[in-house]
Amino acid sequence: MSTPFANFQYGIYLEGALNGKRPSHPMGWDALEAEATERLAPGPRGYLNGGAGTEDTMRANLEAFRRQRIVPRMLRDVETRSLARRVLGTDLPAPLLVAPIGVQSIVHPDGELAVARGAAATGIPMIASTASSYTLEAIAEAGTASEAATPRWYQLYWPRGRELARSLVERAEAAGYGAIVVTLDTWLLGWRPRDLQQAYLPFLESVGIANYLSDPVFRSTLEKTPEEDPMAAVGQFVGVFSNPTVTWDDLAFLRECTSLPIVLKGILHADDAREAAARGVDGLIVSNHGGRQVDGAIGALDALPGVVDAVGGEVEVLFDSGVRCGADIFKALALGARAVCVGRPVMWGLTVGGEEGVKTVLQSLLAELDLTLALSGLANVDQIDRSALTTRP
Ligand SMILES: Cc1cc2nc3c(=O)[nH]c(=O)nc-3n(C[C@H](O)[C@H](O)[C@H](O)COP(=O)(O)O)c2cc1C
Ligand SMILES: CC(C)CC(=O)C(=O)O
């Protein structure tokens, strides 16, 4: 049996030939980005597509992928294939997840609900952001409406106030999220010229604060309810949303709050990876937040091998930042990622086609990955290793 994603492209040709039906969604990655970009209003467009400072790191993420080249092998039986992989104790149909992205309703009114549904339809886990436009409970429900088995993870922006952190984590566990992803690189929002130029920040329009407004601990800190005084609630959110005082020692508190696997997102330095392993975390995500935080930071793919070499055996290392196509997923896997998270392309799919757009993006990535695997002479994702790549100077 080859993978369930095999020959997705033939279905498209057949629909065209038999029914005269062309995809309503652009099938090329550049065309998708262009169409989504054109549809968005200037504020959301800048927020989604923009990066920190000169956007040097955002570009470095893409360039790092272009420097790695696949060297396909021939004459190997690739009829029977599998993309399946076990990640943090859960069997996934492929080593792919949807990266946590906040404030999704700025690009489509259904926001995270559409992403949860589109992801569930493909079996790909979604990582729901703390700064989601809908509550984590509503997102969980949307994701289970069609496909009960699709796992989901929860991304925590560690807030000021341990009880609020505990409350968010306990809610996520109760709602069936299977891992807690703690984002480490956004204690403060980066310098983002596109947003500054337009004075655009979604929270100020009350987008992205649903998990706080619905949280009993957060609500207990307000003098008036958010319904009575919405702007005071926004102000309180901005004050507690993220906590730059957190250190390695605080991870012990998080461990007490939950029995779920803990994943640290935003690791780039091998020494931080070793520290995380020593502290007993379950997973890491090598990421520079899509070039949105430290302008001038290393391209994320360039950081991946060093982190894998530091801890590969002890801690599962995942990856995001700059993944734009199936070949990029292959390359990150070859450099040692256990799984890969895709960010902006899913948002472009959401912008263009809502739930269907998300589904098409994920199906296309999986089909491309499957084809890249097969045409490179490999039958399953465990066979992808560094020998499949060469580095272009
Ligand atoms: C609009 C936008 C919002 C994001 N929101 C979050 C978030 O709420 N939490 C988080 O951990 N990362 C967030 N990220 C970062 C992504 O999880 C991921 O690291 C990044 O998108 C990877 O870069 P790429 O999309 O260019 O591949 C956000 C990224 C974008 C583009
Ligand atoms: C600060 C968040 C709500 C969103 C985020 O992580 C981002 O915009 O990069």
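In each ligand, atom 1 is the first atom listed, and ligand 1 is the first ligand listed. Every heavy atom of this structure was used, including side-chain atoms; hydrogens, water molecules and symmetry mates were not.
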Using a heavy-atom cut-off of under 4.0 Å, does the side chain or the backbone of S287 touch ligand 1, or both, or neither?
->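 It is the side chain that gets close, since no backbone atom is under 4.0 Å.
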For atom 8 (O) of ligand 2, which candidate among Y47, F203, F241 holds the nearest heavy atom?
->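 When every heavy atom of Y47, F203, F241 is considered, Y47 comes closest to atom 8 (O) of ligand 2.
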Among protein heavy atoms, which lies nearest atom 16 (C) of ligand 1, and at what distance?
->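 For atom 16 (C) of ligand 1, the nearest protein heavy atom comes out as P100 O, 3.3 Å.
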So is R292 polar-close to ligand 2, meaning N/O to N/O under 3.5 Å?
->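 Yes.
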Given that the side chain starts at C-beta and the backbone is N, CA, C, O, which of these parts of H289 lies under 4.0 Å from ligand 2, counting heavy atoms, or is it both or neither?
->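 The answer is the side chain.
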Hey, does L48 come in under 3.5 Å of ligand 1, counting only N/O atoms on both sides?
->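 No, since none of the N or O atoms of L48 sits under 3.5 Å from an N or O of ligand 1.
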Does S321 use its side chain to pair, donor to acceptor, with the backbone of G290 at less than 3.5 Å?
->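 Yes, the answer is positive, given that a donor and an acceptor are paired below the 3.5 Å cut-off.
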Closest protein heavy atom (residue, atom, distance) for atom 1 (C) of ligand 1 =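 Sorting protein heavy atoms by distance from atom 1 (C) of ligand 1 puts R292 NH2, 3.4 Å first.
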What residue and atom, counting heavy atoms only, is the protein's closest point to atom 7 (C) of ligand 1, and at what distance?
->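 The answer is Y157 OH, 3.4 Å.
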Specify the protein heavy atom at minimum distance from atom 20 (C) of ligand 1: its residue, its atom name, and the distance to 0.1 Å.
->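 Result: G290 N, 3.8 Å.
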contact_flag R324 ligand 1 heavy-atom lt 4.0 Å =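 Right, R324 reaches ligand 1.
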How long is the span from the CG atom in D30 to the CZ atom in R324, to the nearest 0.5 Å?
->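 D30 atom CG to R324 atom CZ measures 10.0 Å (nearest 0.5 Å).
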Distance to 0.1 Å, residue and atom name: give those for the protein heavy atom nearest to atom 18 (C) of ligand 1.
->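 Checked against all protein heavy atoms, atom 18 (C) of ligand 1 sits closest to D320 OD2, 3.5 Å.
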Within 6.0 Å of CD in E170, more than 12 heavy atoms from elsewhere =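 Counting neighbours around CD of E170, more than 12 heavy atoms of other residues, nucleotides or ligands fall under 6.0 Å, so yes.
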Classify the contact between L189 and ligand 2 as side chain, backbone, both or neither, using a heavy-atom distance cut-off of under 4.0 Å.
->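 For L189, only side-chain atoms sit under 4.0 Å from ligand 2.
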Specify side chain, backbone, both or neither for V323, according to which of its non-hydrogen atoms lie closer than 4.0 Å to ligand 1.
->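 For V323, only backbone atoms sit under 4.0 Å from ligand 1.
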Could you note down all residue pairs passing side chain to side chain donor-acceptor pair (under 3.5 Å) where residues 329-345 supplies at least one of them, sequence neighbours left out?
->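 Not a single pair qualifies under side chain to side chain donor-acceptor pair (under 3.5 Å).
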R162 to F253, cation-pi by 6.0 Å centre distance and 45° axis angle =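 Yes - R162 lies over the ring of F253, closer than 6.0 Å to its centre and within 45° of its axis.
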Drop me the distance from W158's CH2 to L168's CG, to the nearest 0.5 angstrom.
->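 It comes to 12.0 Å.
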V103, L350, I139, T135 screened by side-chain contact (heavy atoms from CB on, under 4.5 Å) with E112, the one that passes =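 Testing each of V103, L350, I139, T135 against E112, the sole residue satisfying side-chain contact (heavy atoms from CB on, under 4.5 Å) is I139.
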Taking only residues at least two apart or on different chains, which pairs with a member in residues 358-381 satisfy ring pair (Phe, Tyr, Trp, His ring centres under 6.0 Å)?
->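 Qualifying pairs, neighbours excluded: none.
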For atom 25 (O) of ligand 1, find the nearest protein heavy atom and state the residue, atom name and distance (0.1 Å precision).
->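 For atom 25 (O) of ligand 1, the nearest protein heavy atom is R344 N, 2.8 Å.
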Looking at atom 27 (O) of ligand 1, what's its closest protein heavy atom, distance included?
->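 Ranked first by proximity to atom 27 (O) of ligand 1 is G322 N, 2.8 Å.
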Where's the contact between Q155 and ligand 2, heavy-atom distance under 4.0 Å: side chain, backbone, both or neither?
->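 Within the 4.0 Å criterion, Q155 makes no contact with ligand 2.
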Which of the ligand 2 atoms, numbered from 1, are nearer than 4.0 Å to a heavy atom of Y157 |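 Ligand 2 atoms under the 4.0 Å threshold to Y157: 2 (C), 5 (C), 6 (O).
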What protein heavy atom is closest to atom 8 (O) of ligand 1, reported as residue, atom name and distance in Å?
->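 Ranked first by proximity to atom 8 (O) of ligand 1 is S129 OG, 2.6 Å.
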Cation over ring face, R171 and Y177, 6.0 Å, 45° |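 The answer is no, since R171 fails at least one limit relative to Y177.
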For the pair D382 and R85, find out whether any cationic side-chain nitrogen is under 4.0 Å from an anionic carboxylate oxygen.
->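 R85 and D382: salt-bridged.
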W29 CH2 to W348 CH2 distance, which is reported to the nearest 0.5 Å =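 It is 10.0 Å, given to the nearest 0.5 Å.
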